[in-house]
Amino acid sequence: MNNKEVIIFKTVGDMADFVMEQWEVISAEAIKARGQFAAALSGGRTPLVLYKKLSADKKLPWDKTHIFMVDERFVPYESGENNYHSISRTLLRHVGIPAKNIHPVLTSEDSAPASAKRYENDMISFFKTTGDKLPQFDLILLGIGEDGHTASLFPGTLSPEKSKRLATAVSLKDEAIKERITITLPVINNAGNIMFMVTGGNKANIVREVIEGNNSLLPAAMVKPGHGRLFFLLDESAGALLVKT
Ligand code: 6PG
């Protein structure tokens with residue numbers, strides 16, 4: 001696949017600046033073509049620098065920007081572990097984005113599967129998808145966990161059944177937060193642009209396996225866009241074990 005780009009940055013700030021530049025271009029193109037820009041944002045700590053920088057950018061077309069989440073932990077909004085809460089606090093509250101343009105995974109439902117169903121319905125009505133047609137995000141931001149998970153697609157949780165859905169609940173035995181909701185691999189792979197942001201030497205091994213491993217079945221390695229662009233944005237320590245770059 002030739003549409004995969006690996007870029008190594010000195011600092012996470014430089015990485016965030018790169019994403020900001022891309023965000024400007026991708027959002028302008030999407031709005032020109034379709035009148036709106038749809039992005040799905042990652043949870044986790046790595047993108048917080050980017051979200052802070054974006055929050056100060058008043059020039060971006062926030063009124064035509066729609067923000068979704070790639071995943072959510074099934075905890076109340078008030079919890080420090082809630083991705084929507086952390087993205088709201090760092091980014092959404094500070095920009096003039098209309099409330100109707102924000103598409104959280106609501107954890108006020110009775111169960112994680114019910115939250116996933118509600119989120120799936122939100123995607124269907126926003127993207128007006130029917131039949132087998134998948135939503136097409138203009139941009140999806142992702143992270144990688146030390147075990148090779150991405151979004152809340154953890155090793156051992158991928159199944160053909162789940163792949164028929166747009167969003168699904170995931171139950172984990174060994175994680176502190178056991179119930180999560182995530183968009184599925186087919187939705188990720190249908191995006192126009194996918195950007196992994198990864199930092200830290202503790203991720204160097206897994207980054208090498210995801211980028212250079214042959215036919216790895218790790219969830220992050222199964223992110224292979226059908227037609228879009230794929231970026232691995234790394235800091236020097238996360239990229240330290242790569243051989244081919
Ligand atoms: C989440 C995620 C998850 C995350 C990785 C990396 O909600 O936890 O979306 O997939 O991106 O675990 O997290 P860090 O950026 O905190 O290392």
Side-chain angles (χ1 to χ4, degrees), residues 9 11-16 18-19 39-54 67-77 79-92 103-107 112 115-116 119 137 139-158 162 167-185 187-189 191 194-211 216 218-223 230-240:
F9 298 89
T11 68
V12 70
D14 294 343
M15 186 191 292
F18 174 84
V19 179
L41 304 190
S42 174
R45 289 178 313 279
T46 313
L48 294 178
V49 175
L50 167 69
Y51 300 157
K52 288 213 180 87
K53 282 184 181 252
L54 279 171
I67 298 290
F68 289 77
M69 313 284 138
V70 301
D71 72 340
E72 186 56 275
R73 296 104 183 253
F74 192 65
V75 293
Y77 175 79
S79 155
E81 300 288 349
N82 185 281
N83 283 340
Y84 173 39
H85 192 174
S86 120
I87 294 172
S88 262
R89 211 179 44 235
T90 46
L91 170 60
L92 302 174
H103 305 263
V105 180
L106 293 172
T107 54
S115 286
Y119 192 48
F137 284 101
L139 173 63
I140 295 186
L141 298 182
L142 293 171
I144 301 182
E146 279 179 60
D147 59 357
H149 78 257
T150 189
S152 282
L153 301 167
F154 284 76
T157 64
L158 301 179
K162 287 195 159 73
T168 185
V170 176
S171 270
L172 303 158
K173 274 203 276 324
D174 303 328
E175 295 290 317
I177 294 169
K178 303 200 176 334
E179 302 289 321
R180 297 178 179 232
I181 298 102
T182 184
I183 59 172
T184 55
L185 203 48
V187 173
I188 295 175
N189 283 338
I194 303 170
M195 294 186 186
F196 281 101
M197 297 178 74
V198 194
T199 60
N202 56 330
K203 307 268 179 83
N205 266 311
I206 207 79
V207 160
R208 183 178 54 188
E209 176 166 354
V210 167
I211 298 179
S216 166
L218 289 172
M222 295 181 70
V223 172
L230 175 61
F231 293 88
F232 286 94
L233 310 178
L234 313 172
D235 72 354
E236 288 178 344
S237 41

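In listed order, ligands and their atoms are each counted from 1. The first residue of the sequence shown is numbered 1, and numbering continues consecutively from there.
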Tell me, which protein residue and heavy-atom name are nearest [atom], and how many Å apart are they?
| atom | value |
| --- | --- |
| atom 7 (O) of ligand 1 | Asn83 ND2, 2.8 Å |
| atom 12 (O) of ligand 1 | His149 NE2, 2.7 Å |
| atom 16 (O) of ligand 1 | Arg45 N, 2.7 Å |
| atom 8 (O) of ligand 1 | Arg73 NH2, 2.7 Å |
| atom 13 (O) of ligand 1 | Gly44 CA, 3.9 Å |
| atom 6 (C) of ligand 1 | Ile144 O, 3.6 Å |
| atom 9 (O) of ligand 1 | Asp71 OD1, 2.9 Å |

Keeping [X] on the side-chain end and [Y] on the backbone end, is there a donor-acceptor pair under 3.5 Å?
| X | Y | result |
| --- | --- | --- |
| Arg73 | Glu81 | yes |
| Tyr119 | Met69 | yes |
| Lys203 | Ile144 | yes |
| Asp71 | Ile183 | no |
| Thr150 | Ala220 | no |
| Ser216 | Leu218 | yes |
| Glu72 | Tyr84 | yes |

Q.
Check for me whether the distance between the ring centres of Phe9 and Phe18 falls short of 6.0 Å.
A.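 Ring centres of Phe18 and Phe9 closer than 6.0 Å.
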Ligand-residue contact atoms, ligand 1 with [X], heavy atoms, under 4.0 Å:
| X | value |
| --- | --- |
| Ala151 | 2 (C), 3 (C), 10 (O) |
| Thr46 | 14 (P), 15 (O), 17 (O) |
| Gly143 | 11 (O) |

Under 3.5 Å: N/O of Ser42 near N/O of ligand 1: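 Among all N and O atoms of Ser42, at least one is under 3.5 Å from an N or O of ligand 1.
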inquiry  = Below 3.5 Å, N or O to N or O, backbone or side chain included: is there any such pair between Lys203 and ligand 1?
reply    =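 N/O-N/O distance below 3.5 Å exists for this pair.
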Q: Report yes or no: does a heavy atom of Arg180 sit under 4.0 Å from some atom of ligand 1?
A: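 Contact present.
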Worksheet item: Does CG belonging to Asn202 count more than 12 external heavy atoms closer than 6.0 Å?
Response: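 More than 12 within 6.0 Å, yes.
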